[in-house]
Number of protein chains: 2
Amino acid sequence: MESEIAVKRLSALAQEGRLAVFKLLVQAGAEGIAAGEIARRFGMPSNTLSAQLTILSNAGLVASRREGRSIIYTACYDGMGELLFYLTEECCQGRPEICAPFLSPTAACCPPGENDR
Amino acid sequence: MESEIAVKRLSALAQEGRLAVFKLLVQAGAEGIAAGEIARRFGMPSNTLSAQLTILSNAGLVASRREGRSIIYTACYDGMGELLFYLTEECCQGRPEICAPFLSPTAACCPPGENDR
DNA sequence: GAAATATTTCTATATATCTGGAAATATGGA
DNA sequence: TCCATATTTCCAGATATATAGAAATATTTC
């Protein structure tokens, strides 16, 4: 991953509201949660939340799909995994095999099939 | 970890310059690198770098020790590990054992003894 | 097609962050 | 003590981010 993307993802997560939203979506799994429902849970105006979701989405950390009138957001586990890998890949004098094999971008956080976008 | 600390750490890493400095220190290991040497490598004014290091330090991502006239900075692998754990701990419907056992705060990124503060 | 619901886009204001010049502080050596 | 080196602190201007009101867009239902 390029550092530019890593910074974008880190920035997206570096805010109380967005981090809370992201964690909620991470917990929610593949089913996801509608934008309105998220706003309701956090008592946030819908337009404010929409801006937050756009930032997370542009960073590749969440995805969305329309379902009727609602737009359902889900966490992108792959995007998260790539970031975790980037943060640790060159640890220990460039010998990532020591500490980060389990963090490889292909090692999905959730069981296969559960986190397909 | 409290979300406030997570946000602080994410914010600290969410900037090109600081992320590069942090990765450099992660690669450097326990030996660390002097502030001046870091500034030289990145062609950064010393006061600008100092501000960046202060932010990383306040976030608990780097530590420093004085050695003669120089101040040596090192990565805090534990602080990093805690953050990674926080980001993944409630993944998969609150069953972290599925995806994050290897990310536990006690699972050091580097071999034991190499990353003691 | 009109009304209700869900979400986004436009826009502006407030707030926070980034950067580096200049001065201050700390250490080591002559 | 005086000077050179290493780093930090103070400060201010430029830039970026956060928030939300109002209007616009999209979808379903009647």
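Values below: every heavy atom of this structure, side chains too, minus hydrogens, waters and symmetry copies. Lettering of chains follows the sequences in order, A, B, ..., and the numbering in each one begins at 1.
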Rounded to whole angstroms, how far apart are [atom1] on [X] and [atom2] on [N]?
X	N	atom1	atom2	result
A:L19	D:dA18	CG	P	13 Å
B:I71	C:dT27	CD1	P	8 Å
B:K8	C:dT17	NZ	P	11 Å
A:N58	D:dA18	CG	P	13 Å
A:I72	C:dT5	CD1	C1'	14 Å
B:E16	C:dT19	CD	P	10 Å
B:E67	D:dT7	CD	P	11 Å

Given [N], is OP1 or OP2 found less than 4.0 Å from the side-chain N or O atoms of [X]?
X	N	result
B:S11	C:dT17	no
B:R66	C:dT27	yes
A:Y73	C:dA6	no

When you measure from the side chain of [X] to the backbone N and O of [Y], does any donor-acceptor pair fall under 3.5 Å?
X	Y	result
A:R18	A:L13	no
B:R40	B:F42	no
A:Q15	A:G17	yes

Any idea which heavy atoms bring B:I71 and B:S64 closest together, and the distance? CG2-CB, 3.8 Å

For B:Y73, which of B:L56, B:L49, B:L25 qualifies under side-chain contact (heavy atoms from CB on, under 4.5 Å)? B:L25

Closest-nucleotide mapping onto DNA chain D: is A:R69 or A:Q15 further toward the 5' terminus? I mean the 5' end.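 Result of the comparison: A:Q15.
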
Regarding B:E37 and B:R41, does a basic nitrogen lie under 4.0 Å from an acidic carboxylate oxygen? yes

In residues 38-57 of chain B, which residues come under 4.0 Å of DNA chain C by heavy atom?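 Within this stretch, B:P45, B:N47, B:T48, B:Q52, B:I55 sit under 4.0 Å of the strand.
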
Regarding the side chain of A:R18, the nearest nucleotide among C:dC18, C:dT8, D:dA18 is D:dA18

